[in-house]
S.K.: 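Structure in structure tokens, see below.
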Amino acid sequence: MARLAVAMVDASNVQAVDYLANRIERPIKVFMASETGVRHILDQYKTDLSSINIAAEVSEKEAGQVENNTIKTIVQDSPISRALSTILEYAVKSRASDIHVEPLEETLKIRCRVDGILREIMQLPKSIEPALVSRIKILSNLKIDEHRVPQDGQFTIKVANKEVDLRIAISPVVWGEQVVIRLLDKSGNTFELEEMGYAGRSLRAIRKGVRRPNGMVLTSGPTGSGKSTSLYALIKEIKDDTVNIVTLEDPVEYKMQGVNQIQVNGDVGLTFATGLRSILRQDPDVVMVGEIRDDETANLAVQAALTGHLVFSTLHTNSAAGVLPRLLDMKIEPFLIASTVNTIIGQRLVRRVAPNRDTYQSTPIETQNILATVGHILPKTPADVVKISEDLGYKDLPLAGQSAYTLVKGKDTPATPRGYSGRAGLYEVLDVTEEIQQLIVAHATSSEIQRKAVEQGMITMRQDGYLKALQGITTIEEVNRVTTDTA
């Protein structure tokens with residue numbers, strides 16, 4: 001008979017070991033663990049159901065009558081509902097951004113994305129998959145008898161006195177239906193540019209771009225890199241009673257007072273393109289388009305910028321300079337791009353080093369990488385420290401040419417896996433100057449535009465990351481992980 005592995009704070013407690021072995025009627029193998037680790041694991045599996053708002057039962061019949069913006073109640077009197085509420089509560093308390101429910105041939109795997117990294121949290125019996133997926137569909141007002149095509153939905157729950165929006169994406173896969181749940185915590189976001197990590201030259205370039213009366217300000221990056229959050233911060237920066245701001249989003253992630261937000265709805269023909277046409281008849285000063293996905297939307301956004309509107313939007317590219325060839329690919333004429341685009345923001349998210357940390361001196365390879373990436377930016381003499389630090393927006397930068405630099409690494413604990421906790425943004429802000437406009441008109445490549453922007457003082461994402469590593473915000477290893485394609 002296989003032994004059951006048991007972690008104990010006091011592994012020498014023979015009486016407790018014998019009692020447990022007799023109780024479960026099988027031999028056990030004891031491992032010593034810290035009290036902190038044991039308590040953290042117990043907290044993970046302890047379900048405080050009272051923290052979830054239990055006001056009324058949502059039956060299958062009632063679910064079709066409840067509107068999307070209603071806070072859902074998860075019924076607690078069935079094993080499936082308890083399992084779902086446990087998973088959601090654990091994800092919220094762990095600061096997860098996504099939950100993945102993935103059917104395998106014999107089991108149902110549950111994974112959470114915390115600080116940008118996916119990790120498995122549990123496996124459930126394959127037999128509960130249909131009931132669990134159906135329960136999610138009921139809460140999301142989706143068709144429970146449709147298993148052949150993808151479905152998208154949403155609902156809101158209340159956990160620990162916080163409202164959390166859930167975006168549901170269900171897709172048929174080989175072994176069943178995969179469910180991805182994105183969690184949007186409505187609390188804790190101030191949308192302040194400085195708090196998000198913008199500083200110095202980058203912050204000045206952004207404020208210059210958003211204060212212009214017309215043109216386009218674009219953010220770029222992969223899915224989940226914080227582009228939408230940046231757009232909300234830009235809107236907050238210019239929000240005023242004298243400005244009419246209209247947004248077109250899919251979905252509306254955060255509701256902002258004083259902003260007219262429109263939800264895209266493809267089922268009734270309200271797409272980004274058709275919605276943008278309607279917005280331009282509403283006398284807007286500022287238009288925010290959640291994402292430019294196709295040629296038609298790109299053309300309408302450019303036309304809006306040309307006719308006296310300030311347009312904010314996002315594109316999926318690897319760098320700020322990559323936005324310009326992407327617009328060319330969407331059949332926008334180069335001279336139109338040059339005359340409408342004001343500022344482009346490229347961004348990534350990296351994990352923050354946890355407060356419980358150690359300092360160390362960089363290895364020769366790390367020092368070499370630091371000097372190769374930001375050595376020319378760092379101050380050369382002590383007299384330059386204050387001036388350059390203020391110009392770049394970083395505190396007390398170290399001198400260039402050192403043999404080693406002080407870096408930080410977090411302590412790997414149950415609460416801070418691998419020494420990280422939370423995330424921070426890395427940014428590059430490309431100001432479209434006259435020289436860059438000339439390159440765009442000449443059909444220059446993104447690498448040529450990037451080189452010109454760097455010559456003009458742009459701090460790249462990797463440089464921003466290395467400077468933030470020197471500030472103790474993140475690690476060199478983490479920066480290298482997320483900026484390999486932007487070096």
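We number each residue from 1, following the sequence as shown.
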S.K.: Check D250 against R293 and note the closest heavy-atom contact, atom names and distance.
M.R.: OD2-NH2, 3.4 Å
S.K.: Quick one: do the D240 and T242 side chains pair a donor with an acceptor below 3.5 Å?
M.R.: yes
S.K.: Between E253 (side chain) and L184 (backbone), is there a donor-acceptor pair under 3.5 Å?
M.R.: no
S.K.: Examine distances only and state if a side-chain atom of Q471 and a backbone atom of K395 form a donor-acceptor pair shorter than 3.5 Å.
M.R.: yes
S.K.: Might you point out which heavy atoms bring A321 and Q450 nearest each other, and give the distance in Å?
M.R.: CB-OE1, 3.5 Å
S.K.: Tell me if a side-chain donor or acceptor on Y405 pairs with a main-chain N or O of E366 at a distance below 3.5 Å.
M.R.: no
S.K.: How long is the span from the CG atom in L407 to the OG1 atom in T359, to the nearest 0.5 Å?
M.R.: 9.5 Å
S.K.: So, taking the atom named CG in N356 and the one named CG in D358, what distance separates them when rounded to the nearest 0.5 Å?
M.R.: 7.5 Å
S.K.: Hey, what do you get for CD (E291) to OG (S313), rounding to the nearest 0.5 Å?
M.R.: 7.5 Å
S.K.: Please name the pair of heavy atoms, one in A233 and one in L193, separated by the smallest distance, quoted to 0.1 Å.
M.R.: CB-CD2, 3.7 Å
S.K.: With a 4.5 Å limit on heavy-atom distance, are the side chains of D294 and M330 in contact?
M.R.: no
S.K.: Do the charged groups of R418 and D115 touch, with an N to O distance under 4.0 Å?
M.R.: no
S.K.: Any heavy-atom pair between the side chains of Y232 and V259 that's under 4.5 Å?
M.R.: no
S.K.: Do K236 and E192 pass the salt bridge (charged side-chain N to carboxylate O under 4.0 Å, His left out) test, and can you show the C-alpha distance, the side-chain angles, and the key distance before you say yes or no?
M.R.: CA-CA 8 Å; K236 184 174 181 183; E192 296 290 345; 3.1 Å; yes
S.K.: Assess whether side chain to side chain contact (heavy atoms under 4.5 Å, CB included) is satisfied between D431 and M458, documenting all intermediate values.
M.R.: CA-CA 8 Å; D431 186 17; M458 182 183 82; over 6 Å; no
S.K.: Are the side chains of V432 and I440 in touch, meaning some heavy atoms are under 4.5 Å apart?
M.R.: yes
S.K.: Taking it one step at a time, do L310 and V243 satisfy side chain to side chain contact (heavy atoms under 4.5 Å, CB included)?
M.R.: CA-CA 11 Å; L310 186 61; V243 180; over 6 Å; no
S.K.: For the CG atom on D10, are there more than 12 heavy atoms of other groups (residues, nucleotides or ligands in this structure) within a distance under 6.0 Å?
M.R.: yes
S.K.: At their closest point, which heavy atom of P334 faces which heavy atom of L328, and how far apart are they?
M.R.: CG-CD2, 3.5 Å
S.K.: Test your reading of the model: is there a side-chain donor-acceptor pair from H309 to the backbone of A304, 3.5 Å cut-off?
M.R.: yes
S.K.: Checking side chain to side chain donor-acceptor pair (under 3.5 Å) against Q347, which of S225, S230, S319 comes through?
M.R.: S230
S.K.: Please examine the side chains of I476 and N480, heavy atoms only from C-beta on, and report whether any two atoms are closer than 4.5 Å.
M.R.: yes
S.K.: Assess whether side chain to side chain contact (heavy atoms under 4.5 Å, CB included) is satisfied between N318 and R348, documenting all intermediate values.
M.R.: CA-CA 9 Å; N318 290 328; R348 294 284 192 284; 4.1 Å; yes
S.K.: Under a 3.5 Å distance rule, please check whether S94 uses its side chain to pair with a backbone N or O of A91 as donor and acceptor.
M.R.: no
S.K.: Do I136 and I181 have side chains that approach each other closer than 4.5 Å (heavy atoms only, starting at C-beta)?
M.R.: yes
S.K.: Quiz question: by atom type and distance under 3.5 Å, do the side chains of S447 and T445 form a donor-acceptor pair?
M.R.: yes
S.K.: Check R352 with E478, please: is the shortest side-chain N to carboxylate O separation under 4.0 Å?
M.R.: no
S.K.: Looking at K380, I'd like to know if its NZ atom is crowded, meaning that more than 12 non-hydrogen atoms belonging to other residues, nucleotides or ligands lie closer than 6.0 Å.
M.R.: yes
S.K.: Can you measure from CD (E296) to CG (L276) and round to the nearest 0.5 angstrom?
M.R.: 9.5 Å
S.K.: With distance as the sole criterion, is a donor-acceptor pair present between the side chains of D464 and Y198 under 3.5 Å?
M.R.: no
S.K.: Is there side-chain contact between T340 and I332, with heavy atoms separated by less than 4.5 Å?
M.R.: no
S.K.: Is there a side-chain contact between K468 and L426 in this structure, where contact means two heavy atoms from C-beta onward sitting under 4.5 Å apart?
M.R.: yes
S.K.: Do V114 and R119 come within less than 4.5 Å of each other through their side chains, counting heavy atoms only?
M.R.: yes
S.K.: Flag the pair E194 and R207 as a salt bridge only when some basic side-chain nitrogen lies within less than 4.0 angstrom of an acidic carboxylate oxygen.
M.R.: yes
S.K.: For E428 and T460, indicate whether the former's side chain and the latter's backbone hold a donor-acceptor pair under 3.5 Å.
M.R.: no
S.K.: Please answer whether the main-chain N or O of G410 pairs with a side-chain N or O of R357 as donor and acceptor at a distance below 3.5 Å.
M.R.: no
S.K.: Roughly how far, to the nearest 0.5 Å, is the CD atom of Q263 from the CD atom of Q154?
M.R.: 6.0 Å
S.K.: Is the number of heavy atoms from other residues, nucleotides or ligands within 6.0 Å of NZ (K109) greater than 12?
M.R.: yes
S.K.: Ignoring hydrogens and geometry, is there a side-chain-to-backbone donor-acceptor pair from S220 to L315 under 3.5 Å?
M.R.: no
S.K.: Does the T416 side chain pair with the main chain of D412, one donor and one acceptor, at a distance under 3.5 Å?
M.R.: no
S.K.: Is a side-chain N or O of T314 found less than 3.5 angstrom from the main chain of G290, in a donor-acceptor match?
M.R.: yes
S.K.: Less than 4.0 angstrom from a charged side-chain N to a carboxylate O is my criterion; do R204 and D391 meet it?
M.R.: yes
S.K.: Could you go through T223 and H316, starting from their C-alpha distance and side-chain angles, then the distance that decides it, and tell me whether this counts as side chain to side chain contact (heavy atoms under 4.5 Å, CB included)?
M.R.: CA-CA 7 Å; T223 301; H316 286 265; 3.3 Å; yes
S.K.: For the side chain to side chain contact (heavy atoms under 4.5 Å, CB included) test, which of V252, I235, L231 pairs with T247?
M.R.: I235
S.K.: If you look at every heavy atom in P284 and V246, which pair is closest and at what distance?
M.R.: CB-CG2, 4.0 Å
S.K.: Does a side-chain N-to-carboxylate-O contact under 4.0 Å join R326 and D329?
M.R.: yes
S.K.: Is it the case that atom CD in Q368 sees more than 12 heavy atoms from other parts of the structure closer than 6.0 Å?
M.R.: no
S.K.: Would you please say whether a donor-acceptor pair under 3.5 Å links the side chains of Y254 and S228?
M.R.: no
S.K.: Could you tell me which non-hydrogen atom of A33 sits nearest to which non-hydrogen atom of A7, and how far apart they are?
M.R.: CB-CB, 4.0 Å
S.K.: Does atom CD (E477) have a neighbourhood of more than 12 heavy atoms from anything else shown, all under 6.0 Å?
M.R.: no
S.K.: Would you give the length of the straight line joining atom CD of E237 to atom CD1 of I206, rounded to the nearest 0.5 angstrom?
M.R.: 9.0 Å
S.K.: Is a side-chain donor-acceptor pair under 3.5 Å present for Q361 with T406?
M.R.: yes
